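Data first, discussion second: the structure below is written as structure tokens.
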Amino acid sequence: MTELFLIALLASGLTVLMWGNVTELAEACRERVKKWALSFKEETGSEGKIKFKAESLPDKTYDHIRMLMRLTLGMGTDRSVKAFLLISLLFLTLIFALLVGRIDFPLVLSAALGAGILPYGLLRLRLQKLRVKSSGEGEILVSELLENYKIEYCNMRQAIETTAAAIEDAPNSKRLLINLARGLNTAEGKRIDSLMREFRLSINTSWGNILASNMGFALTAGVEVTEALTDLADTVKRARRVNEFARRENNEASLILKYLFPAAYLITVVGGVRFFGLSASKFFYYQFETEAGLTWFTISLIIYGAGVLLNACLSAAKLDV
């Protein structure tokens, strides 16, 4: 005990004496981590780009993953796509290594592929949730943009920037407009079309498509869209009222799906130990060390994971017209 106290005292003394160096090192590490994290969101220049797209992924698949990461995580660089693919491959390899030789190979392959597409499924789930939240902010977004469009003398670029800075009651729409305004600072021609496509996909509703089209017309062709935005604002307002009137709370299926499976498994464990005379170690041996137990556990887990993801994606209703 005395030795540990003296070691701790020595360490404390060294820390006090070298506190300046310690803080300098910590600040350098923080800046390095910050720069590394930023590299997933911004390109580092042609010399720093990772050129693996052509030989590793078809163009459509690469663009799809890149677009999905930009919409959900704000990351769209080659580095971020490569990190996503490496994580997916790591999940696939890990599950394959844990199960191969212990259960039937087709089931091993199914479980490994399910683990490999799990990151993609989580991104799709996040995108769906963002779309639902953004669709619910449609009335605020269109009304604020229309007012600022009038104030800025029909300058859509300036109206987007003003709305992005001023809108407070619609956090998801604010994020979309900030990203759009940032991209429009230097965008022209096809790049504007690409930004409008991202904006449209972020909401994925009829009114979102109409809004993106009007914004695109105003930005690229200088078309005055005041009347179109006014009609759209009135339509979204009526749609919100109808949606609120028709909405019904029905969470029973979601609650059963989320909690019944884990609860049933825990009851199985308790029942096996308490009523059938199994010890906890013997129960888990039969569950995870035998082929039959591991096979049924894997099948149940695959079905449960797929059900939760599908239910989360399909149950949330977007505000649409």
Side-chain angles (χ1 to χ4, degrees), residues 40 56-57 61-62 64-69 71-73 75 80-133 204 249-318:
F40 286 95
S56 61
L57 283 177
T61 303
Y62 175 86
H64 175 72
I65 294 175
R66 182 173 184 144
M67 179 73 71
L68 186 60
M69 295 189 70
L71 296 179
T72 56
L73 303 176
M75 300 177 180
S80 62
V81 177
K82 185 175 183 180
F84 173 82
L85 294 175
L86 288 176
I87 292 173
S88 301
L89 182 61
L90 179 63
F91 282 4
L92 186 150
T93 305
L94 180 62
I95 297 300
F96 185 85
L98 288 174
L99 298 180
V100 68
R102 304 179 65 187
I103 58 178
D104 292 339
F105 185 76
L107 186 56
V108 174
L109 193 59
S110 299
L113 290 175
I117 65 174
L118 180 61
Y120 176 81
L122 293 176
L123 288 185
R124 293 291 304 190
L125 177 60
R126 177 173 171 77
L127 177 61
Q128 178 66 12
K129 289 183 176 181
L130 290 175
R131 283 173 169 175
V132 171
K133 291 179 180 179
N204 198 36
E249 293 295 334
N250 186 19
N251 293 326
E252 289 84 358
S254 298
L255 292 175
I256 290 173
L257 187 61
K258 287 180 181 179
Y259 302 114
L260 185 60
F261 174 82
Y265 184 76
L266 290 176
I267 292 173
T268 302
V269 176
V270 174
V273 172
R274 182 147 188 166
F275 299 107
F276 293 96
L278 293 175
S279 64
S281 59
K282 187 174 290 187
F283 178 90
F284 287 105
Y285 169 78
Y286 286 125
Q287 179 73 86
F288 298 106
E289 296 296 331
T290 62
E291 182 178 353
L294 188 58
T295 296
W296 284 109
F297 181 80
T298 304
I299 292 173
S300 301
L301 203 58
I302 292 173
I303 295 174
Y304 174 70
V308 169
L309 288 176
L310 287 175
N311 179 71
C313 289
L314 298 177
S315 61
K318 292 181 292 185

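Keep in mind the model is a prediction, meaning the values are calculated, not measured.
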Would you call [X] and [Y] a side-chain contact if the rule is heavy atoms closer than 4.5 Å?
X: R126; Y: L130; answer: yes
X: L122; Y: L309; answer: yes
X: L127; Y: N204; answer: no

Check: Counting only heavy atoms not in F288, do more than 12 sit closer than 6.0 Å to its CZ atom?
Finding: yes
Check: Is atom CZ of F283 surrounded by more than 12 heavy atoms (other residues, nucleotides or ligands) closer than 6.0 Å?
Finding: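 Counting other residues, nucleotides and ligands, CZ of F283 exceeds 12 neighbours.
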Item checked: Heavy-atom closest pair, residues A111 and L99 ->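 Looks like CB-CD1, 3.7 Å.
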Hey, what do you get for [atom1] ([X]) to [atom2] ([Y]), rounding to the nearest 0.5 Å?
X: T290; Y: W296; atom1: OG1; atom2: CH2; value: 13.0 Å
X: L301; Y: I299; atom1: CG; atom2: CD1; value: 11.0 Å
X: Q287; Y: L278; atom1: CD; atom2: CG; value: 11.5 Å
X: L109; Y: I103; atom1: CG; atom2: CD1; value: 10.5 Å
X: L118; Y: L123; atom1: CG; atom2: CG; value: 9.5 Å

Item checked: Centroid-centroid distance, F297 to Y265, less than 6.0 Å ->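 For F297 and Y265, the ring centres are under 6.0 Å apart.
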